[in-house]
Number of protein chains: 2
Amino acid sequence: MKKQKSDVERFAQHCRSHGLSVTHQRLAIFEALAASREHPSAEQLHRAVQRRIPTLSLATVYKNLEALKTIGAVMDVNPLHEEGRYEAALPGTGAGKPHHHLVCISCKKVRDLYDGGLDRLRIADAQGFDVRAVRVQAEGLCPECRARSRV
Amino acid sequence: MKKQKSDVERFAQHCRSHGLSVTHQRLAIFEALAASREHPSAEQLHRAVQRRIPTLSLATVYKNLEALKTIGAVMDVNPLHEEGRYEAALPGTGAGKPHHHLVCISCKKVRDLYDGGLDRLRIADAQGFDVRAVRVQAEGLCPECRARSRV
DNA sequence: CCATTTTGGAGAATCATTCTCCAAGGAGAC
DNA sequence: GTCTCCTTGGAGAATGATTCTCCAAAATGG
């Protein structure tokens, strides 16, 4: 079909214009990701693509996801997945009250964000989920990393 | 000081009422977490508490964080930190437009959430951050997990 | 203080992710 | 198409975070 072709073309151009070659492994990984609405893990993508390319190694999936992230063709669902981060949750600890987070995309620092306006958010279409909490995560560069990147 | 004492008491009661004994390791870990505004990792907490309890093992920190999570005294900053999750980000892939996420706290499934009302959020006090993106994460039980938990 | 559970410490085991090294495959020039 | 050059892929080892196993020590309830 025509539409499919043009998506592949767009991807190929995006890669080439950023200096990445277009291998069939890379293309297959991207196609599998774009076709899924599951926000898959590297392992799930590996399994999916292996049906087409049985020799595909898991390390290749990781290498390609990393490469595609740097050219903006792929995103992490979450910027804080490398190690667990915790906060106290008992009243009196400061974290007892509802709050949100500022996350530095460079150094991964997290700051609390208290903003009454964000506490009244309503989810219009919860798709059958029983929503227990709505968290806002504002992602950007912290003051320290801004200063450092300006040097 | 009086205030300090009462926080410790509150923590001890919370533990006992949930069937957890109150060890000095557990208390020290909670105190270190409550005293920090850094949203520390397990490793950072371990280093902090070791100054008071040099023999404390890292495994103990993990075991206690897990135990305290189940009684609600501690929370993860992020429910998706066990493995990386990805999405395509090129126009035409559906993930190109701004969107938010519904996350199941039980099975960790992620669904896209398109809601124009959430795209206009402004951060009142960005604390010097250069905010690049504001993501809303609605956490709760997905339809499947709701059905399963009702059995 | 005694008996019963729960917990802590040490290190091995596991899981996700990254790295190393070499051979194979793409991209551009002819 | 063919020849280089450089990027990429595959295999498996290495690393880092987290969990498990096993036994001794400490907490709880009487």
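Within every chain, numbering begins at 1; the chains are lettered A, B, ... in the order of the sequence lines, protein sequences first and strands thereafter.
- The NE2 atom of A/His14 lies 4.0 Å from the CD1 atom of A/Ile71; values are rounded to the nearest 0.5 Å.
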Test log, rule side chain to side chain contact (heavy atoms under 4.5 Å, CB included), inputs A/Val110 and B/Glu38
CA-CA 6 Å; A/Val110 180; B/Glu38 300 297 318; over 6 Å; no

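- As a whole-Å value, the separation of A/Asn78 CG from C/dT17 P is 12 Å.
- The stretch residues 52-68 of chain B comes close to DNA chain C through B/Thr55, B/Leu56, B/Ser57, B/Ala59, B/Thr60, B/Lys63, B/Asn64, each having a heavy atom under 4.0 Å from the strand.
- Between B/Thr23 and B/Ala42, the residue anchored closer to the 5' end of DNA chain D is B/Ala42, taking for each the nucleotide with the nearest heavy atom.
- Put simply, CG on B/Leu33 and CZ on B/Phe30 are 7.0 Å apart, with the number rounded to the nearest 0.5 Å.
- Note that the CG atom of B/Asn64 and the SG atom of B/Cys15 stand 8.5 Å from one another [nearest 0.5 Å].
- Ion pairing between B/Glu66 and B/Lys63 fails under the 4.0 Å rule for side-chain N and carboxylate O.
- When the C1' atom of C/dT6 is taken as reference, atom CD1 of B/Ile71 falls 14 Å away, rounded to whole Å.
- As judged by a 4.0 angstrom heavy-atom cut-off over every strand, B/Gly19 is placed among residues making no nucleic acid contact.
- Between B/Leu27 atom CG and C/dT6 atom C1' the separation is 17 Å, expressed in whole Å.
- Rounded to the nearest 0.5 Å, atoms NE2 (A/His100) and CG (A/Leu118) are 4.5 Å apart.
- Note: CZ (B/Arg85) to C1' (C/dT17) measures 16 Å, nearest angstrom.
- The interatomic distance linking A/Glu43 (CD) with C/dA16 (P) rounds to 6 Å, in whole Å.
- Between its two ends, the helix from C/dC1-D/dG30 to C/dC30-D/dG1 turns its axis by 50°, counting five pairs per end and rounding to 10 degrees.
- A pairwise comparison of heavy atoms in B/Cys142 and A/Phe129 identifies CB-CZ, 3.6 Å as the closest pair.
- When the C1' atom of C/dG26 is taken as reference, atom NE2 of A/His24 falls 10 Å away, rounded to whole Å.
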Output, in order, the C-alpha distance, side-chain angles, deciding distance and verdict of side chain to side chain contact (heavy atoms under 4.5 Å, CB included) for B/Glu139 and B/His101.
CA-CA 8 Å; B/Glu139 301 166 15; B/His101 289 129; over 6 Å; no

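- In the 5' to 3' direction, nucleotides of DNA chain D lying under 4.0 Å from heavy atoms of chain B begin and end at D/dA17 to D/dT28.
- In terms of heavy-atom proximity, A/Arg26 sits nearest to A/Leu20 at NH1-CB, 3.6 Å.
- One finds the CD atom of A/Gln137 at 5.5 Å from the CG atom of A/Asn78 (value rounded to the nearest 0.5 Å).
- Nearest-nucleotide positions on DNA chain C for B/Glu82 and B/Gln25 put B/Gln25 closer to the 5' end.
- With rounding to whole Å, A/His46 atom NE2 is found 13 Å from C/dA16 atom P.
- In this structure, B/Glu83 places its CD atom 18 Å from P of C/dT14, rounding to the nearest Å.
- Remark: of the listed residues A/His39, A/Gln127, A/Arg37, A/His39 is the sole one forming a side-chain hydrogen bond (donor to acceptor under 3.5 Å, both in side chains) with B/Asp112.
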